[in-house]
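All values reported here derive from a predicted model rather than from experimental measurement. Numbered from 1 within each chain, the chains take letters A, B, ... in sequence-line order. Side chains are part of it too, since the values below use all heavy atoms of this structure and drop only hydrogens, waters and symmetry mates.
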Protein chains: 2
Amino acid sequence: MAEPARRGVPEATVGRLPAYLRALTACAAQGTTSISSEELAAAAGVRSAQLRKDLSYLGSYGVRGVGYDVERLSSQIAGELGLTQEWPVVIVGLGNLGRALAAYGGFSERGFRVVALVDEDPAVVGRTVQGLTVQTLTQLDEAGTPVAIGVITTPADQAQDVADRLVALGVRSVLNFAPAVLSVPPDVAVRKVDLATELQILAFHEQRRAAAPGPQEVTG
Amino acid sequence: MAEPARRGVPEATVGRLPAYLRALTACAAQGTTSISSEELAAAAGVRSAQLRKDLSYLGSYGVRGVGYDVERLSSQIAGELGLTQEWPVVIVGLGNLGRALAAYGGFSERGFRVVALVDEDPAVVGRTVQGLTVQTLTQLDEAGTPVAIGVITTPADQAQDVADRLVALGVRSVLNFAPAVLSVPPDVAVRKVDLATELQILAFHEQRRAAAPGPQEVTG
DNA sequence: AAAACTTTGTGAACGAAAGCACAAAGCCGT
DNA sequence: ACGGCTTTGTGCTTTCGTTCACAAAGTTTT
């Protein structure tokens with residue numbers, strides 16, 4: 001097991017690793033112990049050449065003529081994604097979306113634990129949601145709870161302020177659901193999920209279909 | 001106003017148009033009537049050169065030495081995105097996320113109207129949520145309600161079946177929140193929003209920080 | 001009216017990502 | 001042990017996206 005030359009996994013590859021991991025997990029659940037790049041690629045919705053190239057960035061974990069060991073590749077990817085440890089997550093903004101996320105089981109399922117819920121509305125602060133007492137950002141700060149990832153589900157006009165305070169708290173990874181452009185220090189990672197944007201992109205294609213016939217696939 | 005040579009706006013550009021539109025709307029609300037590419041780019045979180053190139057795909061709507069007319073550019077982008085008409089949306093799957101989306105005001109705000117809510121759970125079917133009666137996919141089919149965009153918020157194992165039935169219903173744009181790879185005909189547009197994937201990508205960067213110091217920005 | 005200044009629009013350079021195609025490497029049957 | 005078969009890993013090519021840098025085009029000042 002030589003040290004793989006992992007100088008820089010391309011961002012596009014990183015974006016696909018979760019899909020590979022999910023497909024592998026499904027395979028393992030079915031009892032499959034070995035899988036070819038062709039099969040795994042199909043399960044993950046990519047081309048086999050792309051899958052092999054992606055995996056090559058992590059090192060050589062396949063066996064020529066056979067394929068990949070499901071168990072081995074799973075733990076390799078999980079390790080690469082940092083899922084061997086639990087990351088503490090705070091959800092800021094307990095509106096409809098924030099509450100839905102708090103209730104979502106997908107967090108704990110794989111390496112993430114919601115350790116705090118934050119809102120500034122006095123009508124919500126102090127209440128218990130999903131077994132956690134809702135607190136203010138100030139209270140979270142004073143409590144000194146370690147937090148790695150911040151999920152922002154506040155209205156857009158509060159998002160920047162929340163982001164600033166999260167960064168001050170030591171959070172260096174932010175998942176932003178608010179429709180706002182966040183400006184953060186360069187060592188902070190921000191990912192944006194925006195429902196309205198997605199719908200508008202779909203509307204663009206819907207609109208174009210009306211004008212110019214001819215099928216076209218759209219990938220995320 | 002010559003016909004712009006709009007043979008193919010790049011997908012990457014389409015993905016940024018909503019952000020531009022949002023920034024322009026904010027400007028208009030502040031009373032700004034004209035804006036330079038530099039300012040608008042800053043508001044949208046991109047480089048000015050990229051903004052200008054993006055806009056150039058839609059045609060020339062700026063004035064050299066001055067900038068862009070906020071009102072004019074807004075309606076140009078809105079038209080390009082197909083936001084001049086209302087798109088009927090159906091939400092399938094009324095779990096936590098589905099209900100949160102149903103309650104979310106962001107739909108109607110800009111050209112989208114939720115016309116139906118669908119679930120297969122008998123305990124939910126027939127109930128009224130956000131002023132709409134929850135129905136089954138079969139009922140939706142029989143009712144013949146026109147639907148352009150389908151939002152899937154079911155568990156992963158039901159997503160493909162739902163997608164198939166939506167496509168059969170005439171839906172050609174799908175927004176998929178379920179962690180599953182959907183296979184659809186080539187003329188159907190699919191966009192995927194996956195919380196777990198986003199968190200895992202953040203975990204990757206969080207993990208890498210521990211190993212290799214040195215700041216790096218991450219864009220969505 | 002002409003000079004000075006500002007900002008757009010875009011050709012060209014650059015870089016990242018995707019896809020192709022095949023040699024290398026391992027299995028299996030004889 | 002060896003030949004044939006399968007599948008990986010990867011150099012090369014092509015496509016796509018971003019950034020640079022500047023001429024063209026407009027505004028403002030004198």
Visitor: Provide the start and end nucleotides, 5' to 3', of the part of DNA chain C that has atoms under 4.0 Å from heavy atoms of chain B.
Guide: dT6(C) to dA12(C)
Visitor: Pick the closest DNA chain D nucleotide for Val66(A) and for Lys53(A) by heavy atoms, then say which residue is nearer the 5' end.
Guide: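 Mapping each residue to its closest nucleotide by heavy atoms, the 5'-most match is Val66(A).
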Visitor: OP1 or OP2 of dG26(D) versus the side-chain N and O atoms of Tyr68(B): is any pair under 4.0 Å?
Guide: no
Visitor: Under 6.0 Å from the CD atom of Glu71(B), do we count more than 12 heavy atoms belonging to anything else shown?
Guide: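 No - once you tally the heavy atoms of other residues, nucleotides and ligands closer than 6.0 Å, there are 12 at most.
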Visitor: Can you check whether Arg52(B) has a side-chain N or O nearer than 4.0 Å to OP1 or OP2 of dT18(D)?
Guide: no
Visitor: Identify the two heavy atoms, one from Ala180(A) and one from Lys192(A), that lie closest to each other, and give their separation to 0.1 Å.
Guide: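 In terms of heavy atoms, the two residues are closest at O-CE, 3.7 Å.
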Visitor: Which whole-number value in Å describes the distance from Leu51(B) CG to dT19(D) C1'?
Guide: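 Rounded to whole Å, this separation is 14 Å.
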Visitor: Would the number of heavy atoms belonging to other residues, nucleotides or ligands and lying under 6.0 Å from CZ of Arg16(B) be above 12?
Guide: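 Yes - once you tally the heavy atoms of other residues, nucleotides and ligands closer than 6.0 Å, there are more than 12.
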Visitor: Measure across Leu94(B) and Arg99(B) and return the closest heavy-atom pair with its distance rounded to 0.1 Å.
Guide: O-NH1, 3.0 Å
Visitor: Looking at Thr154(B) and Val92(B), what are the two nearest heavy atoms and their distance?
Guide: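 Closest pair (atom of Thr154(B), atom of Val92(B), distance): CG2-O, 3.5 Å.
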Visitor: Near DNA chain C, counting only heavy atoms under 4.0 Å, which residues of residues 35-42 of chain B show up?
Guide: Ser36(B), Ser37(B)
Visitor: To the nearest Å, give me how far apart CD (Gln50(B)) and P (dG17(D)) are.
Guide: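 Taking atom P of dG17(D) as the reference, CD of Gln50(B) is at 11 Å.
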Visitor: Evaluate side-chain contact (heavy atoms from CB on, under 4.5 Å) for Leu195(A) paired with Phe107(B), printing each intermediate quantity in order.
Guide: CA-CA 9 Å; Leu195(A) 176 64; Phe107(B) 281 103; 3.8 Å; yes
Visitor: For Arg47(A) and for Val63(A), find the nucleotide of DNA chain C with the closest heavy atom, then tell me which residue's nucleotide is more 5'.
Guide: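 Nearer the 5' end of the strand: Arg47(A).
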Visitor: If you take all heavy atoms of Asn96(A) and Ala103(B), which pair is closest and at what distance?
Guide: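 Shortest heavy-atom separation between Asn96(A) and Ala103(B) comes out as ND2-CB, 3.4 Å.
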Visitor: Where is the tightest heavy-atom contact between Pro179(B) and Ala156(B), given as atom of each residue plus distance?
Guide: O-CB, 3.7 Å
Visitor: How close or far is atom C1' of dA25(D) from atom OH of Tyr61(B), stated in whole angstroms?
Guide: 18 Å
